[in-house]
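Below you'll find the structure, written out as structure tokens, and then a few comments.
These numbers come from the heavy atoms of this one structure, side chains and all, not from hydrogens, waters or symmetry mates. Order of the sequence lines fixes the chain letters, A, B, ..., with proteins taken first and strands second; residue numbering starts at 1 for each chain.
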Amino acid sequence: MAKIQTPQAVRGTQDMFGETEERFAHVVATFERVRRLYGFKGLQLPVIEPTAVFSRSLGEATDVVSKEMYSFEDRGGDSITLRPEFTAGIARAYLTNGWQQFAPMKLSVHGPLFRYERPQKGRYRQFHQIDAEIIGAAEPAADVELLVMADQLLKELAINDGVTLQLNTLGDTPSRDAWRAALVGYFNDHKNALSEDSLARLEKNPLRILDSKDPTDRPVADAAPVIDDYLSGEAQDFFGAVTAGLDAAGVAWTRNAALVRGLDYYRHTAFEFVTDRLGAQGTVLGGGRYDGLIENLGGPATPAVGWAAGIERLAMLIEQLPVQQLEAMIVLENDEGLGQAFALLRQLRQAGISADMIATGSPKKRYDKAVKQNPAAILRVNEHGYYGFSGEDTNSPLMNFLKSLAA
RNA sequence: GCGAUCGUAGCUCAGUUGGUUAGAGCGCUGGUUUGUGGUACCAGAGGUCGGGGGUUCAAGACCCCUCGGUCGCCCCA
């Protein structure tokens, strides 16, 4: 007889329960509330997309596309991919549904994403993000609004302490291309001073050398050509308008000329809210402008900006969770009263009062169990029905309910 | 993909240079005490020591493989 091996969770996935789940839910609830304050519409999108949605938009050479996607052939022979990020799918939905008619659109989504990576602190194979995008708005005001919203969200989650907004511009396409060419030339001239990782980056994603953590790269990277010298007048004005908007809105930021984005579609504004409280994962929330993306997917030239934040990472940073206390716990002292306890329980819940009941186990230990759940009040029920409570006599809905019972 | 480290009851862990029927606390179940919002005491259930292979008279301890967790690198939110 073969022994049954109990199944394990898939590597890098989590079963969230208890405080972990409460933290997660709190992040999502706060995001949903804040995004409504800013007039962002909700979106529900498929978790699976045609593989081309991501390979065309993120860049074939990026790690995400080349080695981290969960891609498979479905029974019809189509190549399907579990979404590794939101932006490309949102752009696809925008095009397939003809949402140009609604532009500019302020959209928000949250949900699971999948990346085949080595799990570590704040990084999972199935992870979750909240995401906000403005599609069809070319003005710097859109960038500013997104950043102001992100700033408020972090403040409402009370995790803004120790989190700073780093801002950069990658310029428009001509600026970016010129800068990139200059960087490649410069790094090629200094190949012998670069780390092995950075030599590989030079081939695949030279901009990434700029934010290399390897100390051997720092002198070369710090002396590299800066984007400012390659910015067109337009790009400069754009960035100036964004920073002026942030200052006017009272959002603190710092310039980080070495800040780049990992995905190919970014232009102009790039930003990250970073912290040192997450181990190796510094970025709490990141995004930027991606004016070229929708065109890459075969649509009309459409400007867009957006950001995303890892829910797990935000959840880890929350220090104080709002307490969720059960309002009423019924202790059934005598099983003869079970029917009356059920009736009371139902009345409480219909009155909008959270309630539960302890009616099993040794009768003498039921109070112990009730106390351990830490309810606001314990209601005593015996064979004669409800006859009293213990807890603070406040002006709560529960107390008013109990008084109406007595009356 | 690379590196480090860990994997013993539901949970947190102890298990001495490999040596008799693998332990504790908490939790759980029951009992006694107490008496009605967190008491104390007693008892019980619960483990093929992540999985597989090997060395040995003897492996939870040593070796190999494998699967996971954690933390870095890389990448990214």
Across the strands shown, which category fits A:Gly122 at heavy-atom distances under 4.0 angstrom: base, sugar-phosphate, nothing? base
In whole Å, what separates the P atom of B:rC63 from that of B:rU16? 15 Å
Applying a 4.0 Å non-hydrogen cut-off, can you work out what A:Glu312 is touching in the nucleic acid: base, sugar-phosphate, or nothing? nothing
May I ask you to verify if any side-chain N or O of A:Arg201 is less than 4.0 angstrom from the OP1 or OP2 atom of B:rC75? yes
If pairing means Watson-Crick or G-U wobble with both distances under 3.5 Å, then the partner of B:rA40 is B:rU32
Would you measure the distance from the C1' atom in B:rG30 across to the matching atom in B:rC67 and give it in whole Å? 39 Å
Say whether, by atom type as modelled, one donor and one acceptor occur between the side chain of A:Asn188 and the main chain of A:Val184 under 3.5 angstrom. yes
Quick check on B:rG69: is either OP1 or OP2 less than 4.0 Å from any side-chain nitrogen or oxygen of A:Arg11? yes
Go ahead and name the base partner of B:rG23; Watson-Crick or wobble counts if both distances stay under 3.5 Å, otherwise write none. B:rC13
Using a 6.0 Å cut-off, check whether atom CG of A:Asp74 has over 12 heavy atoms from anything other than its own residue. yes
Give A:Arg380 one of three labels, base, sugar-phosphate or nothing, depending on what nucleic acid heavy atoms sit under 4.0 Å from its own. sugar-phosphate
Test item: A:Arg125 side-chain N/O and A:Pro119 main-chain N/O as donor-acceptor pair under 3.5 Å: no
Between A:Arg208 and B:rC76, is there a side-chain N or O to OP1/OP2 distance below 4.0 Å? yes
Using whole Å, what does the distance between atom C1' of nucleotide B:rC75 and atom CG of A:Asp211 come to? 11 Å
Between A:Lys213 and B:rC74, is there a side-chain N or O to OP1/OP2 distance below 4.0 Å? yes
Rounded to whole angstrom, note down the P distance from B:rU8 over to B:rU48. 13 Å
Choose from B:rC71, B:rU36, B:rC75 the nucleotide whose nearest atom is closest to any side-chain atom of A:Asp63. B:rC75
Same-atom distance (C1') from B:rC65 to B:rC26, integer angstrom: 36 Å
A:Leu58 CG to B:rC75 P, in whole Å, measures 16 Å
Under a plain distance cut-off of 3.5 Å, with no hydrogens placed, do A:Thr96 and A:Arg92 share a side-chain donor-acceptor pair? yes
Watson-Crick/G-U partner (both atom distances under 3.5 Å) of B:rG18: none
How would you label the contact of A:Phe273 with the nucleic acid (heavy atoms, under 4.0 Å): base, sugar-phosphate, or nothing? nothing
I'd like to know if A:Tyr367 reaches the base of B:rU34 with its side chain such that a donor and an acceptor end up less than 3.5 angstrom apart. no
Is any side-chain nitrogen or oxygen of A:Gln120 closer than 4.0 Å to OP1 or OP2 of B:rG72? yes
With both distances under 3.5 angstrom, what nucleotide forms a Watson-Crick or G-U wobble pair with B:rG1? B:rC73
A:Phe127 on top of B:rA77's base, within under 5.5 Å and under 30°? yes
Can you confirm whether A:Asp78 sits close enough to A:Glu73 that some side-chain heavy atom of one is under 4.5 Å from a side-chain heavy atom of the other? no
Is the side chain of A:Gln340 donor-acceptor paired with the backbone N or O of A:Glu383 at a distance under 3.5 Å, no angle test? yes
To the nearest angstrom, the CZ-C1' distance between A:Arg366 and B:rG30 comes to 14 Å
Nearest whole Å is fine: how far is B:rC76 C1' from A:Gln166 CD? 15 Å
Less than 4.0 angstrom between a side-chain N/O of A:Arg261 and OP1 or OP2 of B:rA77, yes or no? yes
Checking N1-N3 plus N6-O4 or O6-N4 for Watson-Crick, or N1-O2 and O6-N3 for wobble, each under 3.5 Å, the partner of B:rG47 is none
Looking across every strand, which nucleic acid part, if any, lies under 4.0 Å from A:Ile378 by heavy atom: base, sugar-phosphate, or nothing? base
Going by atom types alone, do A:Thr13 and A:Gln126 pair a side-chain donor with an acceptor below 3.5 Å? no
Inter-nucleotide C1' distance (B:rC74, B:rA4), Å rounded: 15 Å
Side chain of A:Arg118: nearest nucleotide among B:rU36, B:rC73, B:rA77? B:rC73
Is it true that a side-chain atom of A:Arg176 and a backbone atom of A:Tyr266 form a donor plus acceptor pair closer than 3.5 Å? yes
Rounding to an integer number of angstrom, what distance separates B:rG31 and B:rA45 when you compare their C1' atoms? 14 Å
Pick base, sugar-phosphate or nothing for A:Gly12, based on heavy-atom distances below 4.0 Å to the nucleic acid. sugar-phosphate
For A:Ala376, report the nucleic acid contact type (base, sugar-phosphate, nothing); a contact means any heavy atom under 4.0 Å. base
Counting only Watson-Crick pairs (N1-N3 plus N6-O4 or O6-N4) and G-U wobbles (N1-O2, O6-N3), all under 3.5 Å, who is the partner of B:rA58? none
Is any side-chain N or O of A:Arg123 under 3.5 Å from a base N or O of B:rC75, one able to act as donor and the other as acceptor? yes
